[in-house]
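Step one of this worksheet: look at the structure below.
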Protein chains: 2
Amino acid sequence: MENTLFDYLSKYIKLTHNEKKAIIDLDIFKQFKKGTLILRKGQFSDYGYFVIKGCLRCYYIIDGNEKNTAFYTEAESFEPVCKIDKKASEYFVSCVEDSILVVANSEMEKSIFEKFPKFETLCRILTEELLIKSKSEFDNFKTSSPEQRYLTMLQKRPDLIQRVPQHQLASFLGVKPQSLSRLRARILKKK
Amino acid sequence: MENTLFDYLSKYIKLTHNEKKAIIDLDIFKQFKKGTLILRKGQFSDYGYFVIKGCLRCYYIIDGNEKNTAFYTEAESFEPVCKIDKKASEYFVSCVEDSILVVANSEMEKSIFEKFPKFETLCRILTEELLIKSKSEFDNFKTSSPEQRYLTMLQKRPDLIQRVPQHQLASFLGVKPQSLSRLRARILKKK
DNA sequence: ACAAAACGTTCACTTAAGTTAAGAAATGAA
DNA sequence: TTCATTTCTTAACTTAAGTGAACGTTTTGT
């Protein structure tokens, strides 16, 4: 369980046995059942999440309809907007599957930064990397048609098509479920 | 000139006179003429930018057409993807107007982090904030129609409509210039 | 095992965006 | 100022997405 986390972190810094122990002692590994709501609209939360195993879904409810904007799977992390904003959350986050997550709040972060300053460097670098990745994805979304976006997802995140219902992927790709269905039929016909 | 930077930073930390001097001594304020290319496709760069005055435009050239994905104005910052990726840049960044920018590379960052560790905390927090803002904007883009996006821009970034040509705003809003023109006519008719 | 709910596809119709082209308006350089 | 270029708008036509509904399949809970 810890391995997913430490393997991921080892790309950035080497951790001593003591440092690893300090992390484990924080008791940050939590299990959640499929369907569990991690975050609700209107809620305030200063917890951040890292997916060890499973899949999280971020969605808005707009005019009574769910609009999915993000899916987080193994070795991906996310911090709710409300954490920094200090406003109530605009969206929900739920578990698409039974999941194991690393869960940490600001207080825990602060205490570990004080004990091991290099964790702050780590967090800064990880966040910079996420920001960059986020820009790439946004740019790619803006410059592609729904059909191209679907083809890109087939290449870059083929697992999502298996684990997530089509009608949830639709809004993630910026279209309605019927359009996604049609678009897939169109692609099949072309081949 | 420094004021734009220090006013902005004062929201996050208090800087001593010494710390401010250390920043100014880095000689990071640079002027650029309208049209100057700050970053080219294919280029490697480890510089980050903060806009004191002016406007930057990030664009791709896809099938010979410019696709604009971001505009940066006063008190906004950006780091090129290639800085962390270590791959060649996929896009161009140019000055929409005569601009004054804070320009710093990784080496300068590193030296200032060593002298004043609290700058690293500052950078971590600023980056977290940018990431959160970026997620909000992406979510908003995904869950809106082009018409709604234009109306949102009218509210949130009305200055852009004045400073940036319409045909550049079009791809930023995810449509062709003709569609933006039509969409604006449609809005006027409704009122 | 069964009924209910959720899911995916298809269809007909509507609405909006893409495409191509033409012309008017604004901008900039000589 | 004039001429050329760029920018913006309009229009006619094409293509794709939105909408509402139907239908069969799969999944879920009891």
Side-chain angles (χ1 to χ4, degrees), chain A residues 33-37 55 57 59-69 71 92 94-98 141-154 160-191, chain B residues 33-36 55 57 59-68 71 92 94-98 141-154 160-191:
Chain A
K33 283 271 167 216
K34 176 176 175 173
T36 309
L37 275 171
C55 179
R57 170 171 77 101
Y59 63 98
Y60 294 71
I61 296 185
I62 297 174
D63 300 330
N65 301 308
E66 290 184 2
K67 301 268 192 174
N68 303 280
T69 57
F71 296 93
F92 301 80
S94 78
C95 298
V96 172
E97 309 166 351
D98 290 355
F141 192 95
K142 272 189 181 170
T143 57
S144 309
S145 66
E147 188 172 324
Q148 289 173 311
R149 282 174 216 147
Y150 179 76
L151 291 170
T152 304
M153 188 176 67
L154 270 181
L160 279 190
I161 292 165
Q162 303 305 318
R163 352 177 38 166
V164 177
Q166 302 284 348
H167 72 283
Q168 290 181 358
L169 290 179
S171 48
F172 180 65
L173 293 170
V175 294
K176 303 283 158 174
Q178 298 93 320
S179 296
L180 177 54
S181 198
R182 176 165 43 195
L183 166 173
R184 296 175 72 223
R186 202 164 59 218
I187 291 170
L188 279 176
K189 215 157 144 190
K190 279 184 195 165
K191 286 210 293 191
Chain B
K33 283 272 166 216
K34 176 175 174 174
T36 309
C55 180
R57 170 171 77 101
Y59 63 98
Y60 294 72
I61 297 185
I62 297 174
D63 300 330
N65 300 309
E66 289 185 2
K67 301 268 190 174
N68 302 280
F71 296 94
F92 301 80
S94 79
C95 297
V96 172
E97 308 165 352
D98 290 355
F141 192 94
K142 272 190 182 170
T143 58
S144 308
S145 66
E147 188 172 326
Q148 288 173 311
R149 283 175 215 149
Y150 179 76
L151 291 170
T152 303
M153 187 175 69
L154 270 180
L160 279 190
I161 292 164
Q162 304 305 318
R163 5 188 12 177
V164 177
Q166 302 284 350
H167 72 283
Q168 291 181 355
L169 291 179
S171 48
F172 180 65
L173 293 169
V175 294
K176 303 281 158 176
Q178 298 91 323
S179 295
L180 177 54
S181 198
R182 177 166 43 193
L183 166 173
R184 295 175 74 222
R186 201 164 59 218
I187 290 170
L188 279 175
K189 215 156 142 191
K190 279 184 195 166
K191 286 209 293 192

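Labels below follow one simple rule: chain letters A, B, ... track the order of the sequence lines, proteins then strands, and each chain is numbered from 1.
In terms of modelled atom types and a separation under 3.5 Å, the side chain of A:Q168 and the main chain of A:P165 share no donor-acceptor contact.
Dashed line: the shortest gap from a side-chain N or O of B:S179 to OP1 or OP2 of C:dA17 is not under 4.0 Å. Look at A:K34 and you'll find a side-chain N or O under 4.0 angstrom from OP1 or OP2 of D:dT28. Between A:R186 and the phosphate of D:dT15, there is no side-chain N or O to OP1/OP2 separation shorter than 4.0 Å.
One atom, NZ of A:K67, and another, C1' of D:dA17, lie 12 Å apart when rounded to the nearest Å. Taking atom CD of B:Q166 as the reference point, atom C1' of D:dT6 lies 14 Å away to the nearest angstrom. Following rounding to the nearest Å, A:L180 (CG) and C:dT10 (C1') show an atom-to-atom distance of 14 Å. The CZ atom of A:R184 sits 12 Å away from the C1' atom of C:dC7 (whole-angstrom rounding). Across the protein-nucleic acid pair, A:Q168 atom CD and C:dA6 atom P stand 12 Å apart, rounded to whole Å. The interatomic distance linking A:L188 (CG) with C:dT10 (P) rounds to 9 Å, in whole Å. Taking atom OH of residue A:Y150 and atom C1' of nucleotide D:dA16, one finds them 17 Å apart after rounding to whole Å.
Put simply, the side chain of B:Y150 does not reach to within 4.5 Å of the side chain of B:L169, judged on heavy atoms.
On a pure distance criterion of 3.5 Å, a polar donor-acceptor pair joins the side chain of B:R182 and the base of C:dG18.
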